[in-house]
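Sequence positions, counted from 1, serve as the residue numbers for this chain.
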Amino acid sequence: MNLTPGFMTTLIVAAHILLPSDGFALTSPPAFEVTSSPAFEVTSSPAFEVTSSPAFEVTSSPAFSAETEQADMGFEDDFPGDGFEADLFEVNVLDNPGTDSEEKPKQPPFNSSGYLKFSSSYNTAHHPPEPGDTDWRGLSSLKSELFLEMEARLPGAWKMKVSGLGFMDGAYLVNGRDDYTDGVLDHYEHGFELENAYIQGRLTEKLDLKEGRQIVVWGKSDTLRLTDILNPVNHREPGKTDLEDLRLPVWMTKLDYYVGQWCITGIAVHERRWNKLPEYGSDFYSFDGPLPHEETPTENLENTEYAVSIKGVFSSWDFSLYYADFYGDTPHLEFLPFSPDLFILRHAHEQMMGADFNIARGDFIFKAEGAFFKGGRFSDRVDMETVPPGIHRVPDTYSKTAILAGIEYSGFTDTLITVEAMNTHIHGHDLSGEKAGVHEDSLVTSIRIQQDFLNDRLTLELLSIIYGEKSQDGGIHRFSALYDFTDNLTIRTGYMLYQSGDIPAFESMGENDRLFMDIKYSF
């Protein structure tokens with residue numbers, strides 16, 4: 001990972017803030033104000049929760065009580081009010097005469113947590129393979145994961161967080177490593193990744209800084225992605241894991257400025273990291289041969305991505321505006337007639353302007369997102385049915401508009417029902433778009449039904465993601481059960497049902513139906 005000039009400047013500024021003259025004495029003003037005004041909080045977890053009753057809370061500025069960047073598996077609770085910084089300063093309470101004052105115990109300067117997870121998958125619908133192809137019938141995954149995270153309180157009401165994930169999948173050794181492609185073994189058999197790695201704190205009374213590898217969540221949907229474009233995601237096993245656990249952290253500089261009910265955020269993305277797509281030879285790979293070389297823009301100041309958001313939080317509703325100048329996380333295929341390889345994968349330089357809102361009314365939560373994108377590229381296509389093969393070039397760029405609407409209902413006992421629909425319209429769509437496998441209008445619908453039993457220890461869930469008006473483009477359906485044996489030990493099991501469709505990624509998806517089981521111990 002390259003250190004950009006902007007990042008080095010940020011570290012120098014942070015060093016002056018973090019190192020006061022008297023060592024670890026807390027010399028900066030209190031990082032938060034304590035308010036008791038009605039709170040409206042929005043989280044990005046699957047069981048999307050909105051509270052509007054009066055609450056005692058810690059906020060980073062008067063009347064502002066929500067944060068959008070809460071995304072990394074329950075560990076990512078940004079300023080304000082994540083319970084980590086509140087004990088960095090003391091609130092003296094004048095007791096009535098005759099009463100004893102009680103000091104709040106201080107937390108240690110370091111805090112660690114993590115989990116150990118064992119996962120397995122068993123494919124049930126694959127046909128016998130062609131000679132030379134991988135046999136994906138039966139056991140397809142036998143994975144062990146170890147996630148570790150450390151938080152440290154720093155001087156001046158700052159904090160630091162570092163986490164990492166390592167995994168090893170024994171299915172390839174059990175089935176025989178010679179039956180798999182090098183790409184599958186390199187990316188699926190074992191690996192380690194640095195996840196979150198950042199420092200966070202206050203520059204002024206109203207200005208906060210967060211620098212490092214992190215996740216920033218835009219938008220309101222728990223399943224579909226429209227304005228949520230700042231972090232790439234892991235697409236290697238579609239549908240098995242919820243969106244909140246699929247985002248991949250990237251190195252960013254994030255500044256939050258608080259004005260009354262509003263938060264203005266400026267973001268610079270320094271790291272080029274892309275969506276994790278199925279590798280050549282895997283059961284979700286939908287092409288006949290390996291993909292060509294992928295070109296990655298240099299990580300420098302010129303190629304830095306920029307984003308701005310403005311968010312207002314009010315009683316029972318909130319509203320956000322977004323702008324981003326970014327590189328698309330999924331590459332497109334370009335034909336190079338004078339290149340030895342003829343084709344190359346590139347990432348389009350795009351811009352997005354968008355907005356979203358949430359509103360709570362009784363047992364209902366209504367949500368909506370909308371955005372306009374420009375600068376996208378279709379993939380050039382090779383028509384193998386012609387002799388010689390025909391090459392279909394596409395226009396330089398295209399633009400699109402996407403709209404998402406959703407509703408959540410929690411009026412039934414221990415039950416949450418969520419329905420979301422997103423339509424994407426390609427402007428100036430022509431034959432080039434069809435040749436690239438992209439429709440002029442694309443509709444995606446998600447339906448989630450979740451119910452708790454046994455005093456919330458057992459959760460049953462149905463999730464369906466349908467592509468096209470009549471699922472003609474494909475579909476993903478998940479039936480799962482999650483049981484909490486203890487506060488630390490959970491088991492999750494279920495069945496994935498995939499439906500083939502007309503778009504390229506779903507042409508052979510229907511053979512990937514599978515049983516799965518996850519056993520997770522948190523510590």
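- Using a distance-only test at 3.5 Å, with no hydrogens or angles considered, no donor-acceptor pair links the side chain of Ser442 to the main chain of Val438.
- Expressed to the nearest 0.5 Å, how far CD1 of Ile447 lies from CG of Leu463 amounts to 9.5 Å.
- Aromatic pair Tyr498/Phe284: centroids less than 6.0 angstrom apart.
- Aromatic rings of Phe364 and Tyr409 (six-membered ring for Trp) have centroids within the 6.0 Å cut-off, being under it.
- No donor-acceptor distance shorter than 3.5 angstrom exists from the side chain of Thr227 to the backbone of Asp356, with no hydrogens or angles considered.
- Phe378 and Tyr398 have parallel rings, their planes meeting at less than 30° on a 0 to 90° scale where 60° marks the start of perpendicular.
- Residues His270 and Thr253 have side chains that bring a donor and an acceptor to within less than 3.5 angstrom of each other.
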Next on the checklist: Between His347 and Glu295, does the side chain to side chain donor-acceptor pair (under 3.5 Å) criterion hold? Intermediate values first, please.
Outcome noted: CA-CA 8 Å; His347 294 263; Glu295 183 179 84; over 6 Å; no
Next on the checklist: Does Glu195 form a salt bridge (Lys or Arg N to Asp or Glu O under 4.0 Å) with Arg213? I'd like the steps, not just the answer.
Outcome noted: CA-CA 7 Å; Glu195 296 287 317; Arg213 238 188 191 193; over 6 Å; no
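- Shortest non-hydrogen contact noted between Leu243 and Ser221 is CD2-O, 4.3 Å.
- Nearest approach of Leu154 to Ile199, heavy atoms of both residues: CD1-CG2, 4.5 Å.
- Using bins of under 30°, 30° to 60° and over 60° for the plane-to-plane angle, the ring pair Tyr467/Phe506 lands in the tilted bin.
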Next on the checklist: Run the side-chain contact (heavy atoms from CB on, under 4.5 Å) test on Ser140 and Ser121 for me, step by step, so that the C-alpha distance in whole Å, both residues' side-chain angles and the decisive distance to 0.1 Å come before the verdict.
Outcome noted: CA-CA 6 Å; Ser140 59; Ser121 297; 3.4 Å; yes
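- A salt bridge does not link Asp518 to Lys143: none of the charged side-chain nitrogens sits closer than 4.0 Å to a carboxylate oxygen.
- Of the N and O atoms on the side chains of Thr298 and Asn303, not one donor lies less than 3.5 Å from an acceptor on the other residue.
- Taking the ring centroids of Phe366 and Trp317, they lie at or beyond the 6.0 Å cut-off.
- Residues Ile476 and Pro238 come closest through the heavy atom pair CD1-CB, 3.8 Å.
- Contact between Pro297 and Trp274 at its shortest, heavy atoms only, is CD-CZ2, 3.6 Å.
- In this structure, CD in Glu237 is found 9.0 Å from OG in Ser119, a value given to the nearest 0.5 Å.
- Contact record, Ala348 with Gly375: CB-O, 3.4 Å, taken as the closest heavy-atom pair.
- The local environment of CG in Asp456 is crowded, with over 12 non-hydrogen atoms from other residues, nucleotides or ligands closer than 6.0 Å.
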Checklist entry - Run the side-chain contact (heavy atoms from CB on, under 4.5 Å) check on Ser480 and Arg478 step by step: do they pass? => result CA-CA 6 Å; Ser480 64; Arg478 186 181 76 202; 4.2 Å; yes
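- Taking the ring centre of Tyr258 as origin, the terminal cationic atom of Lys206 falls outside the region bounded by 6.0 Å and 45° from the ring axis.
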Checklist entry - Could you walk me through whether Gln351 and Asp325 pass the side chain to side chain donor-acceptor pair (under 3.5 Å) check? => result CA-CA 5 Å; Gln351 294 80 42; Asp325 185 285; 3.2 Å; yes
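- For the pair Arg273 (side chain) and Glu271 (backbone), a donor-acceptor distance under 3.5 Å is absent.
- At distances below 3.5 Å, not a single donor-acceptor pair connects side-chain atoms of Asp484 with backbone N or O atoms of Thr486.
- Gln214 and Asn196 share no side-chain donor-acceptor pair at under 3.5 Å.
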Item to check | Verdict with supporting geometry, Met252 and Leu230, side-chain contact (heavy atoms from CB on, under 4.5 Å) | outcome: CA-CA 10 Å; Met252 306 181 192; Leu230 294 180; 4.2 Å; yes
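- Listed for the His332 side chain is a donor-acceptor partner under 3.5 Å among the backbone atoms of Arg346.
- Side-chain atoms of Glu211 and Trp251 include a donor-acceptor pair closer than 3.5 Å.
- Residues passing the side chain to side chain contact (heavy atoms under 4.5 Å, CB included) test with Asn275, sequence neighbours excluded: Arg225, Pro232, Val233, His235, Leu277, Asp329, Thr330.
- To the nearest 0.5 angstrom, Met496 atom CE is 9.5 Å from Met509 atom CE.
- A cation-pi arrangement, defined by a distance under 6.0 Å to the six-membered ring centre and an angle within 45 degrees of its axis, is absent between Arg153 and Phe110.
- In terms of modelled atom types and a separation under 3.5 Å, the side chain of Arg492 and the main chain of Ile519 share no donor-acceptor contact.
- A donor-acceptor contact closer than 3.5 angstrom links the side chains of Asp256 and Thr265.
- Between Glu145 and Lys520 no salt bridge is recorded (no basic side-chain N to carboxylate O distance below 4.0 Å).
- Under the 6.0 Å cut-off for aromatic ring centres, Phe479 and Tyr495 do not qualify, their centroids lying 6.0 Å or more apart.
- At least one test fails for Lys161 against the ring of Tyr198: distance under 6.0 Å to the centre or angle within 45° of the axis.
- Residue Lys374 qualifies as open at atom NZ: its count of foreign heavy atoms under 6.0 Å is 12 or below.
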Checklist entry - Passes salt bridge (Lys or Arg N to Asp or Glu O under 4.0 Å), Asp283 versus Arg514? Steps please. => result CA-CA 11 Å; Asp283 47 351; Arg514 63 194 59 201; 2.5 Å; yes
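- Across all non-hydrogen atoms, the minimal contact from Asp228 to Val216 is OD1-O, 3.9 Å.
- Using a distance-only test at 3.5 Å, with no hydrogens or angles considered, no donor-acceptor pair links the side chain of Glu369 to the main chain of Ile403.
- At least one donor-acceptor pair closer than 3.5 Å links the side chain of Asp169 to the backbone N or O of Leu142.
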Item to check | CA sep, side-chain torsions, deciding dist, call: Ser522, Asn488, side chain to side chain donor-acceptor pair (under 3.5 Å) | outcome: CA-CA 5 Å; Ser522 302; Asn488 304 97; over 6 Å; no
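- Using a 30° and 60° split on the angle between ring planes, Tyr322 and Trp218 fall in the parallel class, below 30°.
- Taking 4.0 Å as the cut-off between side-chain N and carboxylate O, Arg272 and Glu305 count as a salt-bridged pair.
- Ring pair Tyr327/His349 is parallel by interplanar angle, where below 30° counts as parallel and above 60° as perpendicular.
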Item to check | Chi angles and distances behind the side-chain contact (heavy atoms from CB on, under 4.5 Å) call for Met150, Met160 | outcome: CA-CA 8 Å; Met150 185 272 289; Met160 177 181 68; 3.8 Å; yes
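- Ionic pairing of Arg202 and Asp208 is present here: one or more N-O contacts between side-chain nitrogen and carboxylate oxygen are shorter than 4.0 angstrom.
- Separation of atoms OG1 (Thr445) and CD1 (Ile465) is listed at 10.5 Å; rounding is to 0.5 Å.
- Between the Asp242 side chain and the Glu244 main chain, no donor and acceptor come within less than 3.5 Å of each other.
- In this structure, a donor-acceptor pair under 3.5 Å is present between the side chains of Ser464 and His477.
- Using a distance-only test at 3.5 Å, with no hydrogens or angles considered, no donor-acceptor pair links the side chain of Arg448 to the main chain of Val419.
- Atom OG of Ser320 sits about 11.5 Å away from atom CZ of Phe357, to the nearest 0.5 Å.
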